[in-house]
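Shown next, in structure tokens, is the structure this report addresses.
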Amino acid sequence: MKRLFLLIIPLMLLACNNRNSTPKGLLPKEKMVSILIEMHMLEGKLNTLNLKRDSLEKLYYYYEHEVYAKHEVSDSVYLKSYEHYLSQPKQFESIYAAVVDSLSLQERLQSGK
């Protein structure tokens, strides 16, 4: 019985620890937040341009890959991470709450309020 107890405790601790960590090969939440902030800012800037949709898509594709390069992330890792967090509603909600807070703060700072 004592051996069983000594075996179960470490397994429980390991299971609890793994629940909060990001699976291997995925971006951590903080990096996802940073990338998403830049992606939303990029989208906003491009939407202010008076260009046709196909031109905007080409520009977005170009600058999107610039963001990936800046963060040293491939588009496949980003998309895999995005899909993972999307399948985890609580994690996804906390990521987007941080994105919205950051964008709101930047908007207030730019408007001088």
### Message
With rounding to the nearest 0.5 angstrom, report the CD to CD distance, E83 to Q88.
### Response
12.5 Å

#### Entry: Y60 side chain to S55 backbone, donor-acceptor under 3.5 Å
no

### Query
Going through the checks in order, is the side chain to side chain contact (heavy atoms under 4.5 Å, CB included) test met by I37 and Q106?
CA-CA 10 Å; I37 289 168; Q106 287 181 14; 4.1 Å; yes

#### Entry: For D101, side-chain contact (heavy atoms from CB on, under 4.5 Å) partners two or more places apart
none

### Task
Run the numbers on Y85 and K80 for side chain to side chain contact (heavy atoms under 4.5 Å, CB included), then give the verdict.
CA-CA 9 Å; Y85 289 120; K80 181 180 174 184; over 6 Å; no

### Task
Look at the side-chain heavy atoms of Ile, Leu, Val, Met, Phe, Trp and Tyr, link any pair under 4.5 Å apart, and say whether Y61 and V67 land in one connected group.
no

### Task
Check whether any side-chain heavy atom of H84 lies under 4.5 Å from a side-chain heavy atom of L27, and answer yes or no.
no

### Task
Fit a plane to each ring of Y96 and H40, take the angle between them on a 0 to 90° scale, and name the class: parallel (under 30°), tilted (30 to 60°) or perpendicular (over 60°).
perpendicular

### Task
Establish whether L86 and Y78 are linked, either directly or via other cluster members, by ILVMFWY side-chain heavy-atom contacts under 4.5 Å.
yes

### Summary
Residue pairs passing the salt bridge (charged side-chain N to carboxylate O under 4.0 Å, His left out) test with at least one member in residues 63-73, sequence neighbours excluded, are E38-K70

### Query
How long is the span from the CG atom in N47 to the CG atom in L42, to the nearest 0.5 Å?
9.0 Å

### Query
Does a sphere of radius 6.0 Å around OH in Y68 hold more than 12 heavy atoms from other residues, nucleotides or ligands, not counting ones at 6.0 Å or beyond?
yes

#### Entry: Atom pair NE2/CG of H65 and D75 - distance to nearest 0.5 Å
4.0 Å

### Query
Are I35 and M41 joined in one hydrophobic group, where the rule is that I, L, V, M, F, W and Y side chains link up if heavy atoms are under 4.5 Å apart?
yes

### Query
To the nearest 0.5 Å, what is the distance between NZ (K58) and CG (L51)?
11.5 Å

#### Entry: Side-chain donor/acceptor of K31 to backbone N/O of H71, under 3.5 Å
yes

#### Entry: Nearest-0.5 Å distance, OG1 of residue T48 to CG of residue L46
7.5 Å

### Message
For the OG atom of S87 and the OH atom of Y82, what is their distance to the nearest 0.5 Å?
### Response
11.5 Å

### Message
Under a 3.5 Å distance rule, please check whether S81 uses its side chain to pair with a backbone N or O of V77 as donor and acceptor.
### Response
yes

### Query
Where do L49 and L59 land on the side chain to side chain contact (heavy atoms under 4.5 Å, CB included) test, with the steps shown first?
CA-CA 11 Å; L49 301 175; L59 276 174; 4.1 Å; yes

### Task
May I have all residue pairs that pass salt bridge (charged side-chain N to carboxylate O under 4.0 Å, His left out) and include part of residues 40-53, sequence neighbours excluded?
R53-E57

